[in-house]
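Note sheet for the following structure.
All heavy atoms count here, side chains included; hydrogens, waters and symmetry mates do not.
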Amino acid sequence: MAMADPVETGLQKNTSLDGEQAVRQRYSAAARKTESQLCCAVSYHPRFLKAIPDEVLERDYGCGDPSPYIQAGDVVLDLGSGGGKLCFIASQIVGSSGRVIGVDCNADMLSLARKHQPQVAENIGYSNVDFRCGRIQDLSLNLERLSEMIGGQSIENVSDWLKLREVEQRLRREKPLIESNSIDCVISNCVLNLVNPQDRQQLFSEIHRVLKVGGRAAISDIVSDEDVPENLKNDPDLWSGCLAGAWREDEFINEFRAAGFAGIQLVTWEHLPWRTVQGIEFRAVTVVAYKPSQDVCLERHQAVIYRGPFARVIDDDGNQFPRGKRIAVCDRTYQALGRPPYEGHFVTVPPRQEVAPSTAVEFDCEQPNRVREPRETKGLQCVDNPSRSEPCCGDDCC
């Protein structure tokens, strides 16, 4: 876990937010000396830890393990990568065909990660990790490149500020820190709640922006079971300790949906709270969410059948699927329900004669949850076939 505040870029920047200062100072110190109060007990697969130097392992601060949701060959982005432990774990999971990008803005944490990067590459036999300097709520702006371009200049007047803005916008446009639609999996370990509340909508929008369609975010963080009162939110130590900025557990999930994610799952929820303050329980959770396709809804005569066990389910678009009913869906929904995290929960029923996307008409979204009559998928001229010659249940048929 690492701070989510900007590095010093050569600009004379003042801040009135004690929380930001506390985060910056606390994590800079934690990069140099282990601070036990900044982490929960997290178990990682030991085979991934062997290649990572002890100094990195000792300076790791987190609350969960999003690494099980990384796949071989993925391009992975770690938000708030800190000393690099999670990046070095991810690098082994994705293999030599994958890539890992760590983003942090704490100079001390970046220095720690980069210091041990060559050794980890030698230990695993390849180099596929890149550490970049930026704010996790602003994944377009490379702060190190900005610092190089401004050359330590200070802002003296409005004209200087406008020139800086022009430089920033050119960097975002021409050399963004993270390209749009370029990441398979975004991970983070107890960092998002360090971001200021006014920046959190942008934070989730940025995660959504950089992911490929079908890509996933696997985020571990600390949440609360009740609203955090103002007196706790204004405590710099509690803020930098991942408590004061915690989302209420249901609001954390709502942030993903508001940003356009679907297939959102609460995959871990620690029953034992990490801390209890003023009767409020703070615990670690991991949420996995997917970036859905925005393709036009096409009518290709497809249907799905929800298997159960619930009487009905509703997806993030409001489509309802009663158990056992053959429901008409557009091609976009049909494709999505055949992939994770929905895969296995639905029977996908293709049309007997495929309708090419180039000839398909737009799906009638004004009639959602419509039962697809069997003849729509079989075709009106369905021809009788003789009984199957082979056993319907395979070699074990009685």
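- F131 is linked by a ring-ring contact (aromatic ring centres under 6.0 Å, His included) to F88, counting only residues two or more places apart in sequence or in another chain.
- K291 and N181 form a side-chain donor-acceptor contact under 3.5 Å, judged by distance and modelled atom types alone.
- The ring-ring contact (aromatic ring centres under 6.0 Å, His included) search around H301 returns none, not counting sequence neighbours.
- The environment of CD in Q320 is crowded: more than 12 heavy-atom neighbours from other residues, nucleotides or ligands sit within 6.0 Å.
- Among residues two or more places apart in sequence or in another chain, the ring-ring contact (aromatic ring centres under 6.0 Å, His included) test is passed with Y334 by none.
- Ring planes of F256 and F261: perpendicular class, angle over 60° (limits at 30 and 60°).
- Here salt bridge (Lys or Arg N to Asp or Glu O under 4.0 Å) pairs that include residues 323-342, with residues two or more places apart or in two chains, are R300-D331.
- The nearest pair of heavy atoms linking P66 to S188 is CG-O, 3.8 Å.
- Counting non-hydrogen atoms of neighbouring residues, nucleotides and ligands closer than 6.0 angstrom, the CD atom of Q353 reaches no more than 12 such neighbours.
- Among all heavy-atom pairs drawn from L211 and R216, the shortest one is CD2-O, 3.5 Å.
- Atom NZ of K163 has 12 or fewer heavy atoms from other residues, nucleotides or ligands within 6.0 Å.
- Closest heavy-atom contact between T286 and S220: OG1-OG, 2.7 Å.
- Residues satisfying the side-chain hydrogen bond (donor to acceptor under 3.5 Å, both in side chains) test with D317, not counting sequence neighbours, are none.
- Hydrophobic clustering of Ile, Leu, Val, Met, Phe, Trp and Tyr side chains at less than 4.5 Å, counting indirect connections, keeps V267 apart from Y342.
- Judged as a ring-ring contact (aromatic ring centres under 6.0 Å, His included), and not counting sequence neighbours, the contacts of F346 are Y306, F321.
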